[in-house]
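Only one structure is covered here, and it is reproduced in the block below.
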Amino acid sequence: MQALDELSQNVHLLLERYEALQQENARLHEDIARQREEMIRTHAELVELQAQNRRLATAGALGSAEGNELALKRINALIAQVDRAIAALKR
């Protein structure tokens, strides 16, 4: 009879631990979802800040000869990117 009681206690303990692990797993999945959303928001903010930085650098560069040369280089680089994209689409 003692072996049966011990087995019953072990099963009960196992079920309690299983339930605790399920709850922790659910909490971790929620944390992952929140972190993924935060990462998406942060990435979007980074992309926007990079674009704003490029616009400000280009706008600030328009007042000087060096700035004009830098702006021209950036425009040429953009044109080259567009040309490569068009060439890739034609394949």
Quick check for you: to the nearest 0.5 Å, what is the distance between [X] atom [atom1] and [Y] atom [atom2]?
{"X": "D31", "Y": "E24", "atom1": "CG", "atom2": "CD", "result": "10.0 Å"}
{"X": "R27", "Y": "I32", "atom1": "CZ", "atom2": "CD1", "result": "10.0 Å"}
{"X": "R54", "Y": "L49", "atom1": "CZ", "atom2": "CG", "result": "11.0 Å"}
{"X": "Q23", "Y": "N25", "atom1": "CD", "atom2": "CG", "result": "11.0 Å"}
{"X": "T42", "Y": "Q35", "atom1": "OG1", "atom2": "CD", "result": "11.0 Å"}

| field | Cluster check L15, L7: I/L/V/M/F/W/Y, side chain < 4.5 angstrom | value | yes

| request: Name all residues meeting the side chain to side chain contact (heavy atoms under 4.5 Å, CB included) criterion together with Q22; count only those two or more places apart in sequence or in a different chain, and write none if there are none. | output: Y18, E19

| note | Taken in chain and number order and not counting sequence neighbours, the residues that satisfy side chain to side chain contact (heavy atoms under 4.5 Å, CB included) with L13 are E16, R17

| Tell me the salt bridge (charged side-chain N to carboxylate O under 4.0 Å, His left out) pairs involving residues 38-48, sequence neighbours left out? | E38-R41, E48-R55

| said: Side chains of I40 and E37, heavy atoms from C-beta outward: is any pair under 4.5 Å? | reply: no

| said: So, using side-chain hydrogen bond (donor to acceptor under 3.5 Å, both in side chains) as the criterion, who are the partners of R36 when residues are at least two apart? | reply: none

| request: Just jot down the side-chain hydrogen bond (donor to acceptor under 3.5 Å, both in side chains) partners of D83, sequence neighbours excluded, or say none. | output: none

| query | Other than I79, which residues form its hydrophobic cluster under the rule that side-chain heavy atoms must be closer than 4.5 Å? | reply | I75

